[in-house]
Amino acid sequence: MGKITNLTQMECDRCEAKEVLTQGAPNTSYWHDVQRTSSDGVTVERLLCDDCYKSYVQLVSNQDAEFEAFMEEGSWS
Ligand SMILES: [Zn+2]
């Protein structure tokens, strides 16, 4: 296989799946950088694989709906 340069190793922060990407053919659509702000205002960044990202999107979609419901509780209209 010889010498390969410019490799990037990706590792999912949730399930620890790993993949080595070459610069010429990056599988970037499989990997997702996400940011989440906790209730005390701390924002963390995580790298997720596509499988974990799908679960994450479901989680935050539920949280979005809860937040919208929470905001509407305060409405007098
Ligand atoms: Zn994962």
Side-chain angles (χ1 to χ4, degrees):
M1 190 173 212
K3 180 179 177 183
I4 301 174
T5 57
N6 296 324
L7 300 178
T8 302
Q9 178 168 308
M10 311 295 272
E11 179 174 347
C12 177
D13 287 319
R14 182 171 180 246
C15 73
E16 300 179 353
K18 292 186 178 86
E19 183 177 13
V20 175
L21 303 181
T22 59
Q23 192 175 42
N27 187 15
T28 53
S29 63
Y30 184 78
W31 296 95
H32 305 268
D33 289 302
V34 300
Q35 289 187 336
R36 185 179 184 282
T37 302
S38 66
S39 61
D40 54 357
V42 178
T43 300
V44 295
E45 295 184 17
R46 295 289 184 264
L47 179 67
L48 296 177
C49 72
D50 202 50
D51 291 339
C52 290
Y53 182 72
K54 287 172 183 163
S55 298
Y56 174 78
V57 168
Q58 186 63 54
L59 171 76
V60 294
S61 295
N62 292 340
Q63 292 174 345
D64 288 347
E66 288 178 26
F67 180 71
E68 288 303 318
F70 166 78
M71 292 304 292
E72 295 208 1
E73 285 173 13
S75 172
W76 293 100
S77 59

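For the numbers below, each heavy atom of this structure counts, side chains included, while hydrogens, waters and symmetry mates do not. Quick caveat, the model's predicted, so the values are computed rather than measured.
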Cys52 vs Arg46, test: side-chain contact (heavy atoms from CB on, under 4.5 Å). Steps then yes/no. CA-CA 11 Å; Cys52 290; Arg46 295 289 184 264; over 6 Å; no

Restricting to non-hydrogen atoms, name the atom on Leu48 and the atom on Cys12 that form the minimum distance, rounded to 0.1 Å. CA-SG, 3.9 Å

Suppose the criterion is ring-ring contact (aromatic ring centres under 6.0 Å, His included): which pairs have a residue in residues 43-66, not counting sequence neighbours? His32-Tyr53

CG of Asp50 to CD of Glu19: how many Å apart, nearest 0.5 Å? 10.5 Å

Mind checking what makes side chain to side chain donor-acceptor pair (under 3.5 Å) contact with Glu68, not counting sequence neighbours? none

Is the number of heavy atoms from other residues, nucleotides or ligands within 6.0 Å of CD (Glu16) greater than 12? no

Scanning both residues in full, the closest heavy-atom pair of Leu47 with Asp33 reads CD1-OD1, 3.6 Å

Separation of Glu45 CD from Asp13 CG (nearest 0.5 Å): 10.5 Å

Are Val44 and Val34 linked, directly or through intermediate hydrophobic residues, by side-chain heavy-atom contacts shorter than 4.5 Å (ILVMFWY only)? no

How far apart are the closest heavy atoms of Met10 and Trp31, and which atoms are they? CB-CE2, 3.5 Å

Would you check, one step at a time, whether the test side-chain contact (heavy atoms from CB on, under 4.5 Å) holds for Thr22 with Leu7? CA-CA 5 Å; Thr22 59; Leu7 300 178; 3.5 Å; yes

